[in-house]
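These notes are about the structure you will find just below.
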Amino acid sequence: MSDRANELRRQRDLLRDNLAWIEKEIAAEEGRANAASPGVPPPLVPPASFSVDAPDAARDAEAILSEYRTAPVSISSQTKLGCISYFAVAMVLIVGAFVAYYFHIKASRGH
């Protein structure tokens with residue numbers, strides 16, 4: 001018996017358990033259920049593992065990665081430019097705050 005057949009049988013059994021739990025919950029909501037087992041959580045079903053042809057998967061993965069791939073030099077230069085921009089904006093705001101404070105103090109003294 002193949003591994004795939006065993007995996008499919010295991011998944012089928014897990015789905016049957018899950019459906020049985022759903023039926024029990026529906027019956028409980030309709031008031032026909034046995035009060036001995038309320039609130040039993042559903043059985044956990046792990047994600048199924050499907051085998052994909054490796055060359056197809058690698059080709060698809062490469063296509064997706066190449067869409068978002070950028071050169072390392074580009075990333076470092078963008079980062080440097082961003083840091084310099086934030087620093088320049090911060091300096092302008094600080095100097096602007098000091099200049100505004102200076103003119104406010106000067107105007108309040110009446111000079």
Side-chain angles (χ1 to χ4, degrees):
M1 200 176 300
S2 71
D3 290 337
R4 182 158 163 50
N6 287 335
E7 179 67 22
L8 290 171
R9 284 188 182 87
R10 187 181 71 79
Q11 290 293 323
R12 181 183 60 196
D13 293 340
L14 288 172
L15 287 172
R16 283 183 183 156
D17 292 344
N18 200 6
L19 287 173
W21 175 82
I22 290 172
E23 290 296 329
K24 225 189 292 186
E25 290 295 312
I26 290 172
E29 286 296 318
E30 293 174 349
R32 293 181 285 155
N34 185 353
S37 64
V40 177
L44 296 177
V45 179
S49 60
F50 294 106
S51 63
V52 178
D53 191 19
D56 290 339
R59 188 172 4 124
D60 293 342
E62 276 304 315
I64 293 170
L65 288 173
S66 66
E67 183 179 339
Y68 296 103
R69 189 173 289 144
T70 58
V73 174
S74 174
I75 292 173
S76 64
S77 65
Q78 287 177 350
T79 304
K80 185 184 285 187
L81 181 63
C83 288
I84 291 171
S85 299
Y86 279 122
F87 180 74
V89 168
M91 290 280 93
V92 167
L93 289 175
I94 290 171
V95 169
F98 280 121
V99 168
Y101 180 73
Y102 172 77
F103 283 117
H104 174 70
I105 294 297
K106 187 175 179 180
S108 66
R109 290 188 181 172
H111 292 278

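FYI, the numbering just counts along the sequence from 1.
- If you take CZ on R12 and CG on D17, they are separated by 11.5 Å, rounding to the nearest 0.5 Å.
- A distance of 14.5 Å separates NZ in K106 from NE2 in H104, rounded to the nearest 0.5 Å.
- Look at E7 and R4 and you find no salt bridge, because none of the NZ, NE, NH1 or NH2 atoms lies under 4.0 Å from a carboxylate O.
- If you take CG on D3 and CG on L8, they are separated by 11.0 Å, rounding to the nearest 0.5 Å.
- Taking CG of L19 as the start and CG of L15 as the end, the distance is 6.5 Å to the nearest 0.5 Å.
- E62 pairs by the salt bridge (Lys or Arg N to Asp or Glu O under 4.0 Å) definition with R69, not counting sequence neighbours.
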Side-chain atoms of residues 78-103: list all donor-acceptor pairs with protein atoms under 3.5 Å, sequence neighbours left out, distances to 0.1 Å.
{"unit_1": "T79", "atom_1": "OG1", "unit_2": "I75", "atom_2": "O", "d": "2.8"}
{"unit_1": "S85", "atom_1": "OG", "unit_2": "L81", "atom_2": "O", "d": "2.8"}

